[in-house]
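Quick note on labels: first sequence line is chain A, next is B, and so on, each numbered from 1.
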Amino acid sequence: MLQQMNYWLMKSEPDVFSFEDLKACQQQTEPWDGIRNYQARNFMRDAMKPGDQVLFYHSNTNPPGVAGIAEIASKAYPDPTAFDKKSSYYDPKSDPENPRWLLVDVRFKADLKRYVALDEIKQIPECAAMRLIQRGNRLSITPVSKSEFQAIKNAGMRQA
DNA sequence: GCCAACGTTGGC
DNA sequence: GCCAACGTTGGC
């Protein structure tokens with residue numbers, strides 16, 4: 001049975017974990033830990049599936065933008081950093097018997113020929129409704145439509 | 001580094 | 001259950 005594929009945009013600060021870092025561990029998967037927002041968690045828990053495609057977005061950098069394509073490599077499972085007192089993601093209110101925070105594994109999927117900066121995304125007509133470009137958006141994981149995903153991927157595959 | 005926007009917390 | 005205070009995000 002052919003399962004419907006979903007598309008996502010996931011933000012990361014490249015100083016912390018960049019697309020190049022993900023690519024460097026190409027054979028392995030990377031746990032997307034530290035998500036401490038219920039909406040983002042619920043997307044992972046309720047809608048993400050292995051094989052879903054991801055726009056890997058660099059935030060808090062100049063310029064912000066989509067750096068490459070990743071893919072979801074696992075279903076959601078408890079985020080161990082929530083129980084690690086030494087982790088900056090430690091959450092004393094997360095009960096190991098009933099974990100509050102989840103993560104998914106992510107892996108490198110494909111390079112783009114070039115970076116697609118936020119300024120350019122704002123100019124793409126297909127992307128006008130994206131949550132990313134709405135004022136005040138802070139959500140680090142957002143669903144994107146197939147046409148939004150394709151429009152950004154196509155832009156990144158065109159030569160600069 | 002600034003600051004607007006947003007989510008969460010906790011007193012009441 | 002309201003809402004002010006607070007901490008965080010992220011573009012600029």
Side-chain angles (χ1 to χ4, degrees), chain A residues 6-24 30-48 52-72 76-109 111-145 147-156 158 160:
Chain A
N6 291 323
Y7 301 89
W8 305 95
L9 182 140
M10 296 171 79
K11 296 180 187 174
S12 184
E13 301 190 20
D15 291 346
V16 179
F17 187 76
S18 70
F19 184 68
E20 291 71 28
D21 294 331
L22 181 68
K23 191 180 179 186
E30 184 69 22
W32 201 266
D33 57 19
I35 298 295
R36 298 292 179 268
N37 170 284
Y38 290 104
Q39 268 187 278
R41 179 204 66 184
N42 294 347
F43 285 137
M44 293 194 289
R45 182 189 64 195
D46 302 332
M48 274 187 180
D52 285 357
Q53 304 288 100
V54 176
L55 299 167
F56 194 115
Y57 180 85
H58 284 178
S59 64
N60 246 311
T61 190
N62 189 18
V66 170
I69 307 296
E71 120 183 303
I72 301 301
Y77 61 94
D79 181 345
T81 64
F83 312 120
D84 178 1
K85 285 198 172 67
K86 295 191 294 282
S87 170
S88 55
Y89 299 131
Y90 176 62
D91 180 0
K93 283 175 288 200
S94 183
D95 174 7
E97 297 301 311
N98 184 22
R100 176 180 297 199
W101 302 117
L102 305 174
L103 58 73
V104 294
D105 291 335
V106 172
R107 79 162 65 87
F108 169 86
K109 172 74 173 180
D111 277 317
L112 298 173
K113 287 182 179 162
R114 63 182 182 83
Y115 191 77
V116 184
L118 178 59
D119 275 350
E120 181 177 353
I121 295 172
K122 289 176 178 172
Q123 306 301 319
I124 300 175
E126 288 91 331
C127 296
M130 281 183 78
R131 200 149 178 180
L132 177 71
I133 62 177
Q134 310 308 316
R135 180 177 175 76
N137 165 60
R138 289 171 33 187
L139 200 54
S140 63
I141 298 177
T142 53
V144 302
S145 72
S147 59
E148 290 162 351
F149 180 89
Q150 281 297 340
I152 291 174
K153 186 177 177 183
N154 289 345
R158 280 197 295 274

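- With 3.5 Å as the limit, one finds no donor-acceptor pair spanning the side chains of R36(A) and S94(A).
- Between I152(A) and I121(A), some side-chain heavy-atom pair lies under the 4.5 Å cut-off.
- Checked against dT9(B), dG11(C), dG7(B), the side chain of L118(A) finds its nearest nucleotide in dG11(C).
- When the P atom of dG7(C) is taken as reference, atom CG of D91(A) falls 16 Å away, rounded to whole Å.
- Which of dG11(C), dG10(C), dC12(C) sits closest to the side chain of K11(A) comes down to dG10(C).
- A side-chain donor from one of Y77(A) and D105(A) sits under 3.5 Å from a side-chain acceptor of the other.
- The distance from atom CZ of R135(A) to atom C1' of dT9(C) is 14 Å, rounded to the nearest whole Å.
- Atom-to-atom, CG of L132(A) to P of dC12(C) comes out at 10 Å; the value is rounded to the nearest Å.
- Here the nucleotide nearest the side chain of K122(A), chosen from dA5(B), dT9(B), dG11(C), is dG11(C).
- Here dA5(B) presents its P atom at 17 Å from CG of L139(A), a figure rounded to the nearest Å.
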Practice problem: For I141(A) and M48(A), run side-chain contact (heavy atoms from CB on, under 4.5 Å): C-alpha distance rounded to whole Å, both residues' side-chain angles, the deciding distance at 0.1 Å, then the answer. | Solution: CA-CA 11 Å; I141(A) 298 177; M48(A) 274 187 180; 3.7 Å; yes
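- Counting only heavy atoms from C-beta on, Y38(A) has its side chain closest to dT8(B) among dG10(C), dT8(B), dC12(C).
- Aromatic pair W8(A)/F56(A): centroids not less than 6.0 angstrom apart.
- Atoms CZ (R100(A)) and C1' (dG7(B)) sit 13 Å apart, rounded to a whole Å.
- Between Y57(A) and the phosphate of dG11(C), there is a side-chain N or O to OP1/OP2 separation shorter than 4.0 Å.
- Comparing N60(A) and K93(A) against DNA chain B, the residue whose closest nucleotide sits nearer the 5' end is N60(A).
- The CD atom of Q39(A) sits 6 Å away from the P atom of dG7(B) (whole-angstrom rounding).
- Nearest nucleotide to the side chain of S59(A), out of dT9(B), dG7(B), dG10(C): dG10(C).
- The distance from atom CZ of R36(A) to atom P of dG7(C) is 19 Å, rounded to the nearest whole Å.
- Whole-Å rounding puts the R131(A) CZ to dG11(C) P distance at 15 Å.
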